[in-house]
Amino acid sequence: MQARKELSDFLRSRRDRLRPEDVGLTSVGRRRTPGLRRTEIAHLAGISVDYYVRMEQGRDGRPSPTVLEALSRVLGLDEDERSHLYTLARSEPAPRRANSDEEVRPSVRRLLELLNPSTPAFVVGRRMEVLAWNDLAVALLTDFEACRPPLRNMVWHGFCDPAARELYVDWEQMARQELAHLRVAVGRYPDDPGIVALVGELFLKSEDFRQWWENHDVQDRSHGLREFDHPLVGKLELHYESLSVPGVLDQKLVTYTADKGSPSQAALEALAAAAAETKRAHAEREAGPENRVAAPGG
């Protein structure tokens, strides 16, 4: 039932954003609601009005690929939206329900270590939860270890961590992208209790999330440029890559890199040095005075 409601809401949201002139129609008279009428969508897609109405009301469970392609064309869906439509319509068998706990392979954790201290890197799961990370990712983004697991999440970090609004130069763009990733996850796993709980928490905690969630934006972007204003090293422009972990469903390795020889590369190296010094000082405090190594000449 949740999947059908998602399909219904998604179709309605995409119909509402279109205007008659967008699809070559002449607007006649005043319209009581925004967007195109259901009859117009049906005629343009070459399907019966009754069939489309049932589909938008969530009363038709599995439209054919032919119908989905026609609707994708009429509604002007991009590739992420088209893929999301197919997922919601369950044109193909839904993926098996994933286990409640996601494990990161030791070899992937070792890869995170090897990327440190030059490259911030972390692994996210299907709910955008952060499953593993290296020291430089903590230094750049936030202390994932200090977050209890339900809140150790990139969407939560974006919307509910006050420091995030200062860290990301274009905070709104980042937050909307993370939300759009979560919307894709909802389509893939409509009955996942962790995803349902996360969306509910974000609804309670963030007015921006409540407002933007109703837009039904979807995005599965795997790379791009992100700008930071870090409290220790200032401005950085970093390229991010989100790479699928082989053999694991919906698990991604995310890395941040700077252009070679750029000011951002210098800032990233300074951040790595600061993170290493913080880690060394912490290790000394944990070891106690009797185990500390005296400085040369001391």
Side-chain angles (χ1 to χ4, degrees), residues 6 9-10 12-14 16-19 34-35 75-84 120-122 124-130 133 137-144 147 150-187 195 197-242 252 254-259 262-264 267-268 271:
E6 281 289 321
D9 291 345
F10 182 67
R12 189 178 300 112
S13 73
R14 291 310 177 260
D16 286 348
R17 75 180 181 180
L18 291 175
R19 298 295 178 265
L75 295 171
L77 304 186
D78 62 25
E79 282 305 307
D80 287 337
E81 292 170 330
R82 175 177 170 274
S83 177
H84 188 61
F122 56 96
V124 295
R126 64 186 179 278
R127 307 180 188 118
M128 298 299 291
E129 69 272 44
V130 181
W133 56 88
V138 169
L140 176 66
L141 300 175
T142 189
D143 186 356
F144 296 117
C147 302
L151 309 185
R152 194 179 292 158
N153 183 286
M154 290 305 294
V155 189
W156 182 274
H157 164 65
F159 282 92
C160 299
D161 184 349
R165 292 178 183 260
E166 303 298 325
L167 177 63
Y168 298 94
V169 172
D170 192 341
W171 171 83
E172 181 174 331
Q173 180 191 56
M174 179 280 302
R176 283 179 175 270
Q177 286 179 350
E178 299 293 0
L179 181 150
H181 280 289
L182 183 60
R183 195 42 113 166
V184 171
V186 168
I195 294 178
L198 175 62
V199 172
E201 282 280 318
L202 289 166
F203 253 87
L204 293 174
K205 300 292 185 181
S206 173
E207 181 178 350
D208 289 316
F209 183 88
R210 289 194 297 273
Q211 177 183 346
W212 296 338
W213 186 253
E214 299 306 322
N215 295 335
H216 286 262
D217 292 333
V218 292
Q219 188 177 87
D220 202 11
R221 192 171 185 178
S222 59
H223 64 280
L225 181 69
R226 189 144 288 162
E227 295 183 69
F228 299 87
D229 188 0
H230 197 278
L232 289 180
V233 297
K235 297 293 180 64
L236 302 96
E237 290 187 353
L238 301 178
H239 301 277
Y240 68 86
E241 299 285 344
S242 180
K252 306 281 189 179
V254 182
T255 62
Y256 284 102
T257 57
D259 289 333
S262 66
S264 294
L268 199 57
L271 185 61

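FYI, the numbering just counts along the sequence from 1. Remember, predicted model here, so these are calculated numbers, not experimental data.
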Show me the donor-acceptor pairs, under 3.5 Å and distance only, between side chains in residues 225-232 and residues at least two apart or in other chains.
| unit_1 | atom_1 | unit_2 | atom_2 | d |
| --- | --- | --- | --- | --- |
| R226 | NH2 | Q177 | OE1 | 2.3 |
| H230 | ND1 | L232 | N | 3.0 |
| H230 | NE2 | A139 | O | 2.7 |

Side-chain atoms of residues 201-209: list all donor-acceptor pairs with protein atoms under 3.5 Å, sequence neighbours left out, distances to 0.1 Å.
| unit_1 | atom_1 | unit_2 | atom_2 | d |
| --- | --- | --- | --- | --- |
| S206 | OG | D208 | N | 3.4 |
| S206 | OG | F209 | N | 3.0 |
| D208 | OD2 | R165 | NH2 | 2.8 |

*Could you please spell out the steps behind the side-chain contact (heavy atoms from CB on, under 4.5 Å) verdict for V184 and D80?*
CA-CA 9 Å; V184 171; D80 287 337; 5.9 Å; no
*asked:* Go through it in stages, so that I can follow the logic: the residues are N215 and L179, the test is side-chain contact (heavy atoms from CB on, under 4.5 Å), and I'd like the CA-CA distance, side-chain angles, deciding distance and then a yes or no.
replied: CA-CA 10 Å; N215 295 335; L179 181 150; over 6 Å; no
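In this structure S13 satisfies the side chain to side chain contact (heavy atoms under 4.5 Å, CB included) test together with F10, H216, sequence neighbours excluded. Residues passing the side-chain hydrogen bond (donor to acceptor under 3.5 Å, both in side chains) test with H223, sequence neighbours excluded: none. Checked against salt bridge (Lys or Arg N to Asp or Glu O under 4.0 Å), R14 has the following partners two or more places apart in sequence or in another chain: E81, D217. In this structure E172 satisfies the salt bridge (Lys or Arg N to Asp or Glu O under 4.0 Å) test together with R176, sequence neighbours excluded. Scanning for side-chain hydrogen bond (donor to acceptor under 3.5 Å, both in side chains) contacts around Y168 gives H157, with sequence neighbours left out. Not counting sequence neighbours, the partners of R82 by the salt bridge (Lys or Arg N to Asp or Glu O under 4.0 Å) test are E69, E79. With sequence neighbours left out, V130 forms a side chain to side chain contact (heavy atoms under 4.5 Å, CB included) with F122, V124, W133, F144, R152, M154. Qualifying ring-ring contact (aromatic ring centres under 6.0 Å, His included) partners for W156, counting only residues two or more places apart in sequence or in other chains: none. Scanning for salt bridge (Lys or Arg N to Asp or Glu O under 4.0 Å) contacts around D170 gives an empty result, with sequence neighbours left out. Applying the side chain to side chain contact (heavy atoms under 4.5 Å, CB included) rule to T255 yields the partners L115, T119, A121, E241, L253; only residues at least two apart in sequence or on another chain are considered.
Looking only at side-chain heavy atoms (C-beta outward), L140 and L238 come within less than 4.5 Å of each other. D16 places a side-chain heavy atom less than 4.5 Å from the side chain of R12. Between D259 and H239 the shortest side-chain heavy-atom distance falls below 4.5 Å.
One distance of note links CG of D143 with CG of D161; it measures 10.5 Å at 0.5 Å rounding. For the atom pair CD of Q219 and CG of D78, the computed distance is 8.0 Å after rounding to the nearest 0.5 Å. The CH2 atom of W212 lies 5.5 Å from the CZ atom of F159; values are rounded to the nearest 0.5 Å.
Counting all heavy atoms, side chain and backbone alike, H84 lies closest to R183 at CE1-O, 3.2 Å. When every heavy atom of G158 is checked against every heavy atom of A164, the shortest pair comes out as O-CB, 4.0 Å. Counting all heavy atoms, side chain and backbone alike, L236 lies closest to L268 at CD2-N, 3.9 Å. Considering every non-hydrogen atom in both I195 and L182, the closest pair reads CG2-CD1, 4.4 Å.
Judged by distance alone, with hydrogens and angles left aside, the side-chain atoms of R126 form no donor-acceptor pair with the main-chain N or O of A185 at under 3.5 Å.
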